[in-house]
Number of protein chains: 2
Amino acid sequence: MKMLLTVFKALADSNRLRIIAALTQYDELCATQIIELLQVKGASASRQLGILMSAGLVESRRDGRWVYYSFQAPQSDYKSFIEWMKAEFEKSALVQQDIKLLEGITKYAPEELCRRQRGIKCCPV
Amino acid sequence: MKMLLTVFKALADSNRLRIIAALTQYDELCATQIIELLQVKGASASRQLGILMSAGLVESRRDGRWVYYSFQAPQSDYKSFIEWMKAEFEKSALVQQDIKLLEGITKYAPEELCRRQRGIKCCPV
DNA sequence: TACTTATTTAGCTAAATGACTAAGTAATGT
DNA sequence: ACATTACTTAGTCATTTAGCTAAATAAGTA
């Protein structure tokens, strides 16, 4: 039940739940896209992603400097819980709203999102 | 998703998770039995039970001064989540240990448990 | 090699949380 | 009517948590 508690604690935060919901809709998202969705600073998103990784709900892969996150079931017998949760996300207006935001976000190059996040306006001329 | 978050927050505490696990094993338990199981003061147990009730996971009925708590699914479409969680409780050594404790606790009259909790030794002669 | 960039970690602050004690409420017993 | 009892709520304290900024780390670029 230790893992159960860890998983519930990981999901007991609105930003982490949004991350999980988003990651169930895409094969993977990079850190910058998640930062853009949540509208928090990079360090905060990194912290939350770390918690989700510790809980086994998220895994990451590195491609150079870029980190891509994807959803995973922490254990094979969590699959029915995961299916149920996905069904709940389908029904949620807030999650659908986030999905619309992500549709826009994923249209931009991650480099562009990073520049916006660092407060650099437009492409340098 | 607001309810989802509320339910996860309610379950994201070891004592509340133990309460839920216990209540899936009995039709109902009274406050005193839950206090005895958790080994916390009555006010703390009451607080935690209040959180679980707000999340819709627990309901209560009064019989005079005695309050009995029982488990419920917060919503009909939470049933598969509930079934999965019960299956996880079955597998958990900590939950099985709590069930053994409860077997002992439920052998006592609730009045007796209350006296013990108030620090009164044995039956008054 | 030095600089830039994407991400992570450390430390701080404010807010939230869980346990306690004390006080309060409502039901029961005398 | 008063005292007792089973619980609930308020307030306090210690701990935990979530966001921030600043610093650190590692990868890529010039």
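Chain A is the first sequence line, chain B the second, and so forth, proteins listed ahead of strands; every chain is numbered from 1.
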Are L17(B) and V95(B) side-chain neighbours, meaning at least one heavy-atom pair lies under 4.5 Å?
-> no
Find the distance L29(A):CG to dA6(C):P and express it as a whole number of Å.
-> 17 Å
According to a strict under-4.0 Å criterion, is Q48(A) in side-chain N/O contact with OP1 or OP2 of dT17(D)?
-> no
In whole angstroms, how far is the P atom of dT17(C) from the CG atom of L11(B)?
-> 15 Å
Is it the case that more than 12 heavy atoms not belonging to Y68(B) sit under 6.0 Å from its OH atom?
-> yes
With the side chain defined as heavy atoms from C-beta on, C114(B) is closest, among dA6(D), dT21(C), dG18(C), to dA6(D)
In terms of ring plane angle, is the pair W84(A) and F81(A) parallel, tilted or perpendicular, where the classes change at 30° and 60°?
-> parallel
Position toward the 5' end of DNA chain D (nearest nucleotide), Q39(A) or C30(B) | C30(B)
Looking only at dC7(D), dT5(D), dA22(D), the nucleotide nearest the A43(A) side chain is dA22(D)
R65(A) has its side chain closest, among dC20(C), dA18(D), dA6(C), to dA6(C)
Distance, rounded to the nearest Å, where Q117(B) contributes CD and dA6(D) contributes C1' = 10 Å
Count the heavy atoms of every other residue, nucleotide or ligand shown that sit under 6.0 Å from NZ of K91(A), and state whether that count exceeds 12.
-> yes
For Y26(A) and I99(A) the tightest heavy-atom approach is OH-O, 4.5 Å
What's the CZ-C1' distance between R118(B) and dA6(D), to the nearest Å?
-> 8 Å
Please give, in whole Å, the distance from dT12(D) P to R47(B) CZ?
-> 14 Å
Short side-chain N/O contact from Y69(A) to OP1 or OP2 of dA6(C), under 4.0 Å | no
Rounded to whole angstrom units, what separation is found between the CG atom of L49(A) and the C1' atom of dT7(C)?
-> 11 Å
Nearest-nucleotide comparison on DNA chain D, the residue closer to the 5′ end among A12(A) and A45(B) | A45(B)
Between dT5(D) (C1') and E111(B) (CD): distance, integer Å = 10 Å
Which nucleotide in dT21(C), dT8(C), dT8(D) has an atom nearest any side-chain atom of R62(B) = dT8(D)
Starting at atom CZ of R61(A), determine the distance to atom P of dA6(C), rounded to an integer number of angstrom.
-> 16 Å
Given dG18(C), dA18(D), dC7(D), which nucleotide is nearest the side-chain atoms of I51(B)?
-> dG18(C)
Candidates dG18(C), dC20(D), dT8(D) - which lies nearest the side chain of S46(B) | dT8(D)
Indicate, with a heavy-atom threshold strictly under 4.0 Å, whether G42(B) touches base, sugar-phosphate, or nothing.
-> base
Give a yes/no answer on whether the side chain of S44(A) brings an N or O atom under 4.0 Å of OP1 or OP2 in dG19(D).
-> no
Hey, which of L52(B), L57(B), L29(B) is the one that makes side-chain contact (heavy atoms from CB on, under 4.5 Å) with L23(B)?
-> L29(B)
Shortest side-chain distance from R16(A), nucleotide among dG19(D), dA18(D), dC7(D) = dA18(D)
Phosphate-side-chain proximity, T32(B) and dA6(D), N/O vs OP1/OP2 below 4.0 Å | no
